[in-house]
Q: 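Could you have a look at this structure, given as structure tokens, before my questions?
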Amino acid sequence: MTGSEIWTTLLGRFEWSDLPFVRAWEKGTLSEAIGAGAGGVVVVGAVLLVALLTYKRWWKPLWSDWLTSLDHKKIGIMYIVLAFVMLSRALIEAVLMRTQQAVAIGAPGLVGPNHFAQLFSTHGSIMVFFMAMPFLTGLINYVVPLQIGARDVAFPLLNSISLMLTAGGAGLMMVSLAIGEFSTGGWSGYPPYTEAAYQPGVGPDYWIWAITLSSIGSTLVGMNIAVTIFKKRCPGLKLMRMPLFCWTSLCTSILMIFAMPPLTVATLMLALDRYLGYHFFTNDLGGNMMIYIDLFWLFGHPEVYILILPAFGVYSEVISAFSSKELYGYVSLVIATMAIAVLSFTVWLHHFFTMGQSADINAVFGIATMTIGIPTGVKVYDWIWTMFRGEVRLTPPMLFSLAFIVTFVLGGFTGILLAMPPVDFVVHNTVFLVAHFHNMLIPGLLYGMIAGYQYWFPKAFGFRLNERWGTVSFVCWVSGFYLAFMPLYVLGLAGLARRTQEILEPDFRPWLLVALLGAFLLLAGLATLFVQLYVSVRQRDQHRVPVGDPWGARSLEWSVAAPPPEYNFATIPHVGRRDPWHWRKANGGAYKPADHYRDIAMPRNSMVGPVVGLSGAVCAFGLVWHIWWMAAFGLAVLWAAVIARSFVRRTKRVIGAREVEATDRAWLATAAAQQVHPRELETTSANAGLAELHA
Amino acid sequence: MTDPQLRHVGLKVGGFEAIDVEEAETGIFGFWVFLMSDAILFALLFAVYGTQLAATAGAPGPAAEFKIDSAFWETMVLLLSSFTYGMSSFAMKYGGQLRWVVGMLLVTLVLGLTFLGMEANDFAVMIHDGATPDRSGFLSAFFALVPTHGLHVVAGCSWIVVMLVQVAAFGLDDRVKINLLRLGLFWHFLDVIWIAIFSVVYLQGVMR
């Protein structure tokens with residue numbers, strides 16, 4: 001073999017110029033320098049992380065307490081950590097794009113067209129698949145088993161595998177910063193532009209395999225959570241007695257089971273086109289790009305509700321807890337949630353009204369789209385009625401919920417506008433659309449996730465988050481949102497096309513500068529969230545809530561210590577009605593020892609999850625770079641791990657009844673020693689997690 | 001509260017030493033949910049196949065390429081394998097004679113491999129005739145749908161091998177029984193999918 005053959009066999013199509021550092025050296029442009037800087041951050045960040053773990057001797061605890069853990073609570077927390085990491089990257093990219101548009105008015109600006117296209121592609125892909133999905137999956141993972149009185153999810157190992165597949169995809173996204181380049185085809189990756197004929201490089205392949213790993217992970221999550229909710233509820237917890245967050249989680253998981261396969265099929269078909277010369281979506285030989293577009297939005301529209309429904313669940317819990325009232329219109333909220341889930345499959349065509357269907361078909365889908373406004377409206381009224389004459393406290397989660405109600409309704413109105421095909425024909429592909437979907441997803445997803453993070457944080461870690469920094473963060477997130485996206489409505493109506501790298505109309509400048517200010521405020525929102533976390537950890541001794549019910553809430557997760565024991569419940573609760581924890585507190589059934597404690601079997605740790613995630617990512621990396629031995633190796637290790645696992649017989653670890661009883665009694669003693677705190681002292685150190693009963 | 005009852009054919013989880021009844025029930029229900037998601041995958045591939053029927057782009061079309069007699073015998077082999085798998089399940093449920101369980105699993109494996117061999121031969125003939133997936137949208141759709149089923153059969157055969165090893169290692173313990181039941185669901189599911197492929201792809205191809 002010649003030298004170049006050996007190179008190709010070992011390293012596929014990798015060349016030195018694929019490294020952004022080499023490109024920046026050779027070309028010397030600002031755009032390449034920014035790319036190299038981003039790659040440098042990834043490399044230096046990884047090195048620093050390894051150094052820190054080694055210096056602090058954290059490798060072993062990281063491995064045995066976290067990565068191999070099958071505890072749904074730890075898996076949930078890891079999902080949310082992943083979401084915050086990816087949120088940081090994608091938000092910085094957003095600021096860079098806003099900066100580019102604000103300075104590139106009749107000028108080339110900071111980044112070149114190709115680089116700009118990579119930025120909006122990674123920003124969108126990360127925000128949807130590696131920020132939003134992990135965040136909501138993390139919250140569901142943490143909260144749902146506790147709310148339904150279960151000790152874990154139905155399939156703990158599958159849970160770990162799902163997490164690690166998603167993390168593998170996220171890792172691939174990060175690697176693409178340092179090695180090679182990313183797709184320029186947007187988060188939706190429309191062919192034929194993403195076909196080999198137009199983008200022969202590694203970019204679309206990174207996109208395909210990162211998305212495929214994450215979509216398989218999400219399908220498995222959906223199955224796991226749905227089966228958990230159907231099969232693992234504690235005795236007496238009928239479906240109509242579940243907290244609303246469980247309902248929205250159930251609908252989201254059902255949507256995942258049905259809506260993720262179209263995405264997997266679409267990306268794999270695109271891969272067949274690119275790798276084996278198939279003709280699904282090519283321009284020639286009978287290929288048809290519309291197949292991709294239908295498949296993608298068959299996933300893409302339900303995905304919107306996969307993202308939004310869990311946030312709706314969070315708001316339902318938060319508004320009820322911080323109004324000290326039971327949720328108004330529970331049954332209507334359940335029906336509305338189910339209706340939204342069903343309707344979400346009937347509207348996908350509104351994502352491409354302009355792509356050649358007849359007017360009648362557009363009209364049908366336009367009307368179906370507007371129909372979704374009805375159950376959503378029901379929900380908004382229910383939340384408002386829940387607050388009515390309640391004892392409303394404006395804590396950060398509640399502030400985010402209120403901002404959501406106002407902002408989301410506004411976004412809904414622009415959605416109704418876009419649902420009319422004639423209007424859509426005028427503003428489609430402008431930043432009006434960009435403003436609309438950010439107006440839905442920032443309040444409808446991100447605010448909900450932040451609210452849920454603040455609301456359940458004390459449950460997970462045993463101390464509250466600093467409310468003052470939470471409020472500062474809230475102000476940044478909300479004012480930032482309005483400043484960043486309201487100008488885009490104006491600009492969209494004025495005809496500014498989305499994804500524009502250079503702007504030729506000087507009149508747009510003031511609006512773009514306002515939007516840039518908004519982007520910086522949003523970044524400040526994230527920064528203040530991190531400051532809040534730092535401050536709260538420093539002050540944790542003043543903020544402890546060991547009894548576990550800091551907000552005086554109503555569902556079962558608040559009936560155990562904060563943080564909860566590994567097995568969640570010393571004895572599995574029996575439920576007789578809705579809001580069971582509230583009922584127990586009101587009827588003297590709270591904080592009582594069990595008559596009888598039993599041994600509890602919990603899943604042992606397993607390294608299969610991390611091995612599957614890592615080997616999946618290795619396989620994907622090999623496929624991206626055409627390093628076939630690496631792809632085959634990754635796939636072989638993945639299946640070997642799964643098969644080997646099926647031979648493991650000792651998968652459980654028994655926690656003795658004595659230990660369970662001792663832990664439980666210690667917690668009860670803590671509870672007995674604490675003062676009940678009234679509502680008005682909820683955000684002070686008087687709050688030890690033993691709330692005054694009300695209403 | 002009545003105790004949960006297990007109503008799955010072929011499963012008598014005995015002794016409860018390793019797995020309780022509820023856990024077995026959950027595990028099998030979860031597999032049904034997985035099959036549902038897998039069914040959606042096939043539904044989408046069928047839909048794509050349907051829309052691409054006419055997109056032959058001058059390359060060989062359905063009538064020219066599909067050999068109905070070969071497809072018919074493949075169907076017979078696969079149906080027979082479902083029957084033998086059922087025999088294995090019955091043996092597991094009634095009496096649990098290891099000899100029958102294993103014997104029927106082996107027969108099923110041989111039939112599965114036979115099916116794969118026949119299918120591979122079909123593909124080889126098509127490729128030899130120049131009907132390759134890079135020739136047309138129609139052939140792309142065909143070579144996505146039918147080989148995906150074939151890959152599932154490969155997975156099923158591998159799973160049978162793994163289960164044979166497990167039966168040898170552990171006997172018919174609870175986890176082996178539950179896995180054999182899940183494998184059975186998978187195997188019969190593949191049969192159902194193949195019936196759809198035979199009808200939609202091969203029969204329709206001959207009629208055109």
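Please read these numbers as outputs of a predicted model, since none were measured by experiment. Lettering of chains follows the sequences in order, A, B, ..., and the numbering in each one begins at 1.
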Q: So what's closer than 4.5 Å to chain B heavy atoms on A:Met256: side chain, backbone, both or neither?
A: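 Interface part for A:Met256: neither.
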
Q: Please classify the contact of A:Phe647 with chain B as side chain, backbone, both or neither, using a heavy-atom distance under 4.5 Å.
A: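 When you check distances to chain B, atoms from both the backbone and side chain of A:Phe647 fall under 4.5 Å.
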
Q: Is it the side chain or the backbone of B:Gln52 that comes within 4.5 Å of chain A heavy atoms, both, or neither?
A: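 Just its side chain gets close to chain A.
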
Q: Quick check on A:Thr651 against chain B: is it the side chain, the backbone, both or neither that has a heavy atom closer than 4.5 Å?
A: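 Looking at A:Thr651, just its side chain touches chain B.
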
Q: Side chain, backbone, both or neither: which part of A:Leu295 has an atom under 4.5 Å from a heavy atom of chain B?
A: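 A:Leu295 touches chain B through side-chain heavy atoms alone.
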
Q: Sort out for me which of B:Ala59, B:Gly58, B:Gly27, B:Ala169 touches chain A most, counting heavy-atom pairs under 4.5 Å.
A: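 Answer, by heavy-atom pair count under 4.5 Å with chain A: B:Gly27.
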
Q: Quick check on B:Phe143 against chain A: is it the side chain, the backbone, both or neither that has a heavy atom closer than 4.5 Å?
A: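 For B:Phe143, heavy atoms of backbone and side chain both lie under 4.5 Å from chain A.
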
Q: Are side-chain heavy atoms of A:Met290 and B:Thr51 found at a separation under 4.5 Å?
A: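 Sidechains of B:Thr51 and A:Met290: no contact.
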
Q: Are side-chain heavy atoms of A:Ile257 and B:Val33 found at a separation under 4.5 Å?
A: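 Yes. Closest side-chain heavy atoms under 4.5 Å.
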
Q: Look at the rings of A:Phe230 and B:Phe29 and say which category their plane angle falls in: under 30° parallel, 30 to 60° tilted, over 60° perpendicular.
A: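 Perpendicular: the ring planes of A:Phe230 and B:Phe29 meet at over 60°.
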
Q: So for atom OH, which belongs to A:Tyr275, do other residues, nucleotides or ligands contribute more than 12 heavy atoms lying within a distance under 6.0 Å?
A: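 Atom OH in A:Tyr275 is packed in, count exceeds 12.
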
Q: Report, by ascending residue number, the residues of residues 121-140 of chain B in heavy-atom contact with chain A at a distance under 4.5 Å; give 'none' if the set is empty.
A: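 Near chain A, by residue number: B:Pro133, B:Asp134, B:Arg135, B:Ser136, B:Gly137, B:Ser140.
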
Q: How long is the gap from CD on B:Glu23 to NZ on A:Lys232, to the nearest 0.5 Å?
A: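 One finds 6.5 Å between CD of B:Glu23 and NZ of A:Lys232.
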
Q: Is there a side chain to side chain contact (heavy atoms under 4.5 Å, CB included) between A:Ile643 and B:Gln166 once you walk through the steps?
A: CA-CA 11 Å; A:Ile643 290 173; B:Gln166 293 204 351; over 6 Å; no

Q: Heavy atoms only: give me the nearest A:Ser646-B:Val162 pair and the separation to one decimal.
A: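 Scanning both residues completely, I find the closest heavy atoms to be OG-CG1, 4.0 Å.
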
Q: Can you confirm whether A:Val648 sits close enough to B:Arg175 that some side-chain heavy atom of one is under 4.5 Å from a side-chain heavy atom of the other?
A: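 A side-chain contact is absent here, since even the closest heavy-atom pair is not under 4.5 Å.
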
Q: Which region of A:Leu298, side chain (C-beta onward) or backbone (N, CA, C, O), has a non-hydrogen atom less than 4.5 Å from a non-hydrogen atom of chain B, or is it both or neither?
A: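 Just its side chain gets close to chain B.
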
Q: A:Met223, A:Arg649, A:Met260: which one forms the most heavy-atom pairs within less than 4.5 Å of chain B?
A: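 Heavy-atom pair counts peak at A:Arg649.
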
Q: Which atom pair, heavy atoms only, marks the closest approach of B:Ser37 to A:Pro261?
A: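 Where B:Ser37 meets A:Pro261 most closely, the heavy atoms are OG-CG, 3.4 Å.
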
Q: Around A:Met338, counting heavy atoms of other residues, nucleotides and ligands shown, do more than 12 lie under 6.0 Å from its CE?
A: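 It does not: A:Met338 CE has 12 such atoms or fewer within range.
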
Q: Is chain A contacted by the side chain of B:Thr26, its backbone, both, or neither, given a heavy-atom distance below 4.5 Å?
A: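 For B:Thr26, the contact with chain A is made by backbone and side chain together.
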
Q: Please classify the contact between A:Ile291 and chain B as side chain, backbone, both or neither, with a heavy-atom cut-off of under 4.5 Å.
A: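 The answer is the side chain of A:Ile291.
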
